[in-house]
Each structure stands twice: as structure tokens, then as C-alpha cells.
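Taking it in order: structure first as C-alpha cells, then the write-up.
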Protein chains: 2
Amino acid sequence: MAAHTHDHPTPGAWSAHATEALARRGGRRSTARDAVLGALAAQDCCASAQEIHDRLRGQGNRVGIASVYRTLELLHEHGLVTRVDTGDGVARFEPALPGGEHHHHAVCTRCGSVEAFADDALEAAIHAIGDRVDFEVTGHDVALRGRCRACRAA
Amino acid sequence: MAAHTHDHPTPGAWSAHATEALARRGGRRSTARDAVLGALAAQDCCASAQEIHDRLRGQGNRVGIASVYRTLELLHEHGLVTRVDTGDGVARFEPALPGGEHHHHAVCTRCGSVEAFADDALEAAIHAIGDRVDFEVTGHDVALRGRCRACRAA
DNA sequence: GTCTAGTTGATAATGGTTATCATTACCGGC
DNA sequence: GCCGGTAATGATAACCATTATCAACTAGAC
Ligand SMILES: [Mn+2]
Ligand SMILES: [Mn+2]
Ligand SMILES: [Zn+2]
Ligand SMILES: [Zn+2]
């Protein structure tokens, strides 16, 4: 093996963070849950329960779809995963990094593709709103709608 | 009748705008569609198909739920209505004003209540992103998550 | 090893939305 | 004013992502 390291989109830090948080919560460990954790840690952006399930089955892991949903719900309750609604009626999830670092999504209204972006000015503007409204802001979602490069050309 | 006018949250301008746009499109007029248009024009913020249907039935209008969905889809295709996803699996809709003036929503994660807010700095930040990414931005959604006043007290 | 309760996974149920299709009624032509 | 075609309606079935159910399994404490 060469010495080069592959920069994983989602730092391996999340995996340890999530595992520790679940351990603190109590309860048992299970292979099904570990498998979903592994799949999440390996993904660069959001994925649906079905996509995660397919990926696991593809690598020979016979995890039930119900366990995928249950694990995602559990992780979401503990703030370990971010739920992304792109508007197509399918919930997608991606790891929520411990430092709060995150990105948002641009959704193509033609082909449904999702790409990530991050913007400090946007975050600052959202943060400033929290001080102005009568609402305790704990999170936020932003989605851009429009045409991706491929669909603009087509 | 007194001379005072009631400031409708959604200016009556939308009603005329939407009616004209549908007329330009062609097709027939129908009482069911007009009823949904009327209900939308009267609402200050987003409402679900079911809520619109219930409101119409409440005032004695026997519109089928299917026609409510169809009208909302038609209006959405023509950009006359904005779809709001609060994350509870129910699509909500509100009039899209011709000038592009709009607001966003703060959703309480405890009681599900939705309140509107507008912020120029936020809009400016989002607009600036459009010039930076390889994506033709035609619209955007923003949702704040957290606790409303009532749920903070509870 | 045994026991117990958390977890699993196949499957049924749920619920918002969409498709179906026979019926209705808008509207241009006469 | 009456047709005729056809867009639109509305009751209902189908769809599909998600959730609930429950018997079987198993992690892990003792
Ligand atoms: Mn952000
Ligand atoms: Mn905006
Ligand atoms: Zn596209
Ligand atoms: Zn609340």
C-alpha cells in the first residue's frame, strides 16, 4: 500500500464522534446499526434510506430496510445526522459534523441532481436573524433551486 | 358598509395576476379552480391542500380534494404559487407575488407551528451566491428550525 | 451458561399524493 | 339559444415513502 491518504469527504472524525455519542446513550451495539454508520461515514453528501440500503446490500450486507430507517431516526434524534428535504418526497441524510461545519444544497429542478455549496456570508446573515426574531433558532436549511450545468446545456 | 378597507396579508394583486396568467395559458374556467384561487388569495401564509379543502368545505363549497391538488400543481407549474416543505411530509403552498417579494419560515421542532420572516441581508447573501456557483439559480428556500415562543415557555 | 430486554427484519398499516375514469359543464361555432 | 368536443371535475383506487407491529434473535450483564 502506498503512503498516500485518501481525503474522505466526510472526515473519519464523524464515525468516532457518532459511535461515542451512541455509547453514551446506552443500549446495545448491533451489526445492522454499525453497517448504517459505516455507510454514512463513507458518503460525501446526502443519501436516502433506500440508497443506503441498496449500497449495503450491494456489498453483501443483509440489513433490513427497517433498521436503516430506525438508525437514521436514532442518529437524527441525537443530532448526529442532518436531514435534507429536496422536495421530491424522499428524505435524505448526511453526517452532522461535531463542529457544526456544514454545507447546503442546490437542487436541479429538471434532473433532480443535488450539489453542495458552502457560503460564509450566508451563514452570517442567518446567524444575525436569530438575534432579531422571537424564535430560538437551533438549525437552518437552505436550498437553491434552478438548473445544473448539464441541464443548462441540454 | 363602512369605508374602511381591510389590509389583506396577501394583496389582491395576486388574484388578478394569477387569473390573468391562467387566461393567457388557455383552457377553460371552472368554479373549482376559482374557489382554490380564492382561498389562496385570502391566506396570509402557507396552507396544505387538506387545509384549503377543509376551508372551502367549511364555507359550503363542495370542491373535490383532487381538484385542490390539481389546481395547486397547475399554479406551481406557472410559478404562481410557492411550495413550502416544513419537513413533516405535508406540502404547503402560498401565493407567489408577481414582484418576487417573499418571506421565509421558522418552523418549531416541538409543535410544528410555522411563522414567517423576511430579511434583506439574507436575500442579498443568497443572491451573491448565484454569481459564484456553477448553477443557474431560479429560486431558493430557507427554513429556520428551533423553538417558538410558546414552546420555549412550556 | 442463563436470562433479559434491546434490536432485528419481514411484513402490515399509514397517510399524503397521484392516477384513473365515468360524468359534468365550459365555450366556440352554428 | 342549442350542439358538440373536450377540458375539468370528483369519487375512488393505486402509489410509495415511511412507520408500526411482532415473533425471533442476540448482546451483554450476572
Ligand atoms: Mn448553513
Ligand atoms: Mn428569500
Ligand atoms: Zn440538472
Ligand atoms: Zn412551538
With R24(A), which residues qualify under side-chain hydrogen bond (donor to acceptor under 3.5 Å, both in side chains), at least two apart? E20(A)
So what does R28(A) hit on the nucleic acid, given a heavy-atom distance under 4.0 Å: a base, only sugar-phosphate, or nothing? base
Between dG16(C) (P) and L72(B) (CG): distance, integer Å: 15 Å
Whole angstrom is fine here: how far is it from CG in L22(B) over to C1' in dC26(C)? 15 Å
Just how far, in rounded Å, is C1' of dG16(C) from CG of D54(B)? 13 Å
Go through the structure and list residues passing salt bridge (Lys or Arg N to Asp or Glu O under 4.0 Å) with D134(B), not counting sequence neighbours. R149(A), R152(A)
Hits for side chain to side chain contact (heavy atoms under 4.5 Å, CB included) against V107(A), two or more places apart or cross-chain, chain-then-number order -> T86(A), V114(A), R145(A)
So what does R92(B) touch, heavy atoms closer than 4.0 Å: a base, only the sugar-phosphate, or nothing? nothing
List for me each residue that meets ring-ring contact (aromatic ring centres under 6.0 Å, His included) alongside H127(B), sequence neighbours excluded, and say none if there are none. none
Residue set satisfying ring-ring contact (aromatic ring centres under 6.0 Å, His included) with H17(B), at least two apart, ordered chain then number -> none
Could you list all the salt bridge (Lys or Arg N to Asp or Glu O under 4.0 Å) pairs where at least one residue sits in residues 25-42 of chain B, not counting sequence neighbours? R29(B)-D34(B)
Just the table, please: protein N/O against nucleotides 9-12 of chain C N/O, every pair under 3.5 Å.
| unit_1 | atom_1 | unit_2 | atom_2 | d |
| --- | --- | --- | --- | --- |
| dG9(C) | OP1 | R62(A) | O | 3.3 |
| dG9(C) | OP2 | G64(A) | N | 3.1 |
| dG9(C) | OP2 | S67(A) | OG | 3.1 |
| dG9(C) | N7 | R70(A) | NH1 | 3.4 |
| dG9(C) | N7 | R70(A) | NH2 | 2.3 |
| dG9(C) | O6 | R70(A) | NH1 | 2.9 |

Residue pair E123(B) / H102(B), side-chain donor-acceptor N/O under 3.5 Å: yes
Residues 59-77 of chain B side chain polar contacts: donor-acceptor under 3.5 Å, at least two apart:
| unit_1 | atom_1 | unit_2 | atom_2 | d |
| --- | --- | --- | --- | --- |
| S67(B) | OG | R70(B) | NH2 | 3.4 |
| T71(B) | OG1 | S67(B) | O | 2.8 |

Check every nucleotide of DNA chain D for an atom under 4.0 Å from a heavy-atom of chain B, then give the first and the last such nucleotide from 5' to 3'. dG5(D) to dA11(D)
To the nearest Å, give me how far apart CZ (R29(B)) and P (dC26(C)) are. 11 Å
Reckon A91(A) touches a base, only the sugar-phosphate, or nothing at all at heavy-atom distances under 4.0 Å? sugar-phosphate
Separation of dT17(C) C1' from E51(B) CD (nearest whole Å): 15 Å
Which is more 5' along DNA chain C, the nucleotide nearest S30(B) or the one nearest D88(B)? Just name the residue. D88(B)
ILVMFWY clustering at 4.5 Å (side-chain atoms), partners of V84(B): none
Using OP1 and OP2 only, check whether a side-chain N or O of Y69(B) sits under 4.0 Å from dT17(C). yes
Looking at residues 75-87 of chain A, who's got a heavy atom less than 4.0 Å off DNA chain D? none
Find the distance E73(B):CD to dG16(C):P and express it as a whole number of Å. 18 Å
Let me know the distance between NE2 of H53(A) and P of dT8(C), rounded to the nearest Å. 13 Å
Does a donor on one side chain and an acceptor on the other come within less than 3.5 Å for E115(A) and H103(A)? no
If you group Ile, Leu, Val, Met, Phe, Trp and Tyr whenever their side-chain heavy atoms sit less than 4.5 Å apart, what else falls in with F117(B)? F117(A), L122(A), I126(A), I129(A), V133(A), F135(A), V137(A), V142(A), L144(A), L122(B), I126(B), I129(B), V133(B), F135(B), V137(B), V142(B), L144(B)
Heavy atoms of A91(A) and D85(A) approach each other most closely as CA-OD1, 4.1 Å
